[in-house]
Number of protein chains: 2
Amino acid sequence: MQDRITTILKAVADPTRREIFHALVVAATALPITQISSQFDISRQGITKHLKTLEGAGLINIDTKGRERFCQANANPLKEVNQWLKFYEQFWDGALDDLSKYLDNMS
Amino acid sequence: MQDRITTILKAVADPTRREIFHALVVAATALPITQISSQFDISRQGITKHLKTLEGAGLINIDTKGRERFCQANANPLKEVNQWLKFYEQFWDGALDDLSKYLDNMS
DNA sequence: TTAATATGCAACTATATGGTTGCAAATATA
DNA sequence: TATATTTGCAACCATATAGTTGCATATTAA
């Protein structure tokens with residue numbers, strides 16, 4: 001197959017998947033597939049495919065309870081993207097501004 | 001088309017494009033297409049396609065001089081990815097560790 | 001037990017993607 | 001001028017991707 005970082009980047013490169021992931025993150029709880037798909041215009045099967053891709057990237061965990069499958073966001077794989085990015089930070093403009101903003105958020 | 005962040009993420013979601021981009025970043029200078037493609041196993045036309053995708057994402061600038069086209073990396077679009085990521089940082093584990101590593105790098 | 005709900009699987013479609021080869025055109029060199 | 005180099009364009013191919021519909025199955029509720 002492909003390496004982890006590629007799998008993760010491909011998962012978040014699709015706008016619908018980013019929306020699904022975001023919805024699950026802000027929900028801050030596990031949601032069954034039907035409930036997720038009710039928030040989108042595409043079919044439940046379309047959503048299911050996206051959920052599988054997200055699961056493959058580790059960005060969601062799916063837990064079966066009875067006939068329902070609860071999906072919960074897991075942001076941890078994004079740490080790998082962050083790590084990949086970090087190297088290039090020295091090559092983009094305004095890195096110092098980013099640091100001060102970063103520190104402002106912490107105080 | 002698609003929004004900027006999607007264009008950028010799709011550009012870096014391909015491992016070959018990440019390699020090309022990385023080669024240009026570390027080269028720290030503009031390189032002509034033939035020279036870039038000599039570093040890869042795929043054809044020059046394959047490389048050209050990737051370069052166009054990277055250019056479309058703003059990750060490289062192409063400057064024509066005579067018959068050659070010099071490509072130079074531009075990491076700035078990655079700031080948008082960083083901004084997108086930043087929101088999810090609060091949801092992943094070990095954010096404080098990341099901060100201390102970040103500060104260590106600065107000192 | 002019967003009906004409703006939640007889901008998976010499979011088949012199918014259209015388009016995008018990553019790659020190729022062949023050829024023409026522009027520029028540089030002998 | 002004749003030749004070599006660098007590139008773009010176009011056509012083509014195989015596979016991946018994003019989406020669909022139809023149907024079967026498992027679980028829950030009436």
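Enclosure of atom CD in A/Gln2 by more than 12 non-hydrogen atoms of other residues, nucleotides or ligands within 6.0 angstrom is indicated.
The interatomic distance linking A/Asp14 (CG) with D/dA16 (P) rounds to 17 Å, in whole Å. Taking atom NZ on A/Lys10 and atom P on D/dT15, their separation rounds to 15 Å, with Å as the unit.
Comment: A/Lys49 does not engage A/Asp14 in a salt bridge, judged by the lack of any side-chain N to carboxylate O separation of less than 4.0 angstrom.
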Polar-atom pairs under 3.5 Å, protein N or O versus N or O of nucleotides 7-14 of chain D: list them with distances, or write none.
| unit_1 | atom_1 | unit_2 | atom_2 | d |
| --- | --- | --- | --- | --- |
| D/dT7 | OP1 | B/Ile33 | N | 3.1 |
| D/dT7 | OP1 | B/Arg69 | N | 3.0 |
| D/dT7 | OP2 | B/Thr34 | N | 2.5 |
| D/dT7 | OP2 | B/Thr34 | OG1 | 2.2 |
| D/dG8 | OP1 | B/Arg69 | NE | 3.3 |
| D/dG8 | OP1 | B/Arg69 | NH1 | 2.1 |
| D/dG8 | N7 | B/Arg44 | NH1 | 3.2 |
| D/dG8 | N7 | B/Gln45 | NE2 | 3.2 |
| D/dG8 | O6 | B/Arg44 | NH2 | 3.0 |
| D/dG8 | O6 | B/Gln45 | NE2 | 3.0 |
| D/dC9 | N4 | B/Gln45 | OE1 | 3.3 |
| D/dC9 | N4 | B/Gln45 | NE2 | 2.1 |

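At the phosphate of C/dG19, neither OP1 nor OP2 sits under 4.0 Å from any side-chain N or O atom of B/Ser43. The phosphate of C/dG18 (OP1 or OP2) has a side-chain N or O of B/Arg17 nearer than 4.0 angstrom.
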Using atom types as modelled, flag every donor-acceptor pair under 3.5 Å from a side chain in residues 30-41 of chain B to any protein atom, sequence neighbours excluded.
| unit_1 | atom_1 | unit_2 | atom_2 | d |
| --- | --- | --- | --- | --- |
| B/Ser37 | OG | B/Thr34 | O | 3.1 |
| B/Ser38 | OG | B/Gln35 | O | 2.6 |

Output a table of donor-acceptor pairs, distance under 3.5 Å, between side-chain atoms of residues 58-72 of chain A and any protein atom two or more places apart or on a different chain; print 'none' if there are none.
| unit_1 | atom_1 | unit_2 | atom_2 | d |
| --- | --- | --- | --- | --- |
| A/Thr64 | OG1 | A/Arg69 | NE | 3.4 |

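B/Gly46 comes within contact range of at least one nucleobase, with a heavy-atom separation under 4.0 Å.
In this structure, CZ on A/Arg17 lies 11.0 Å from CD1 on A/Ile47, to the nearest 0.5 angstrom. In this structure, CG in A/Asp93 is found 4.0 Å from CG in B/Asn76, a value given to the nearest 0.5 Å.
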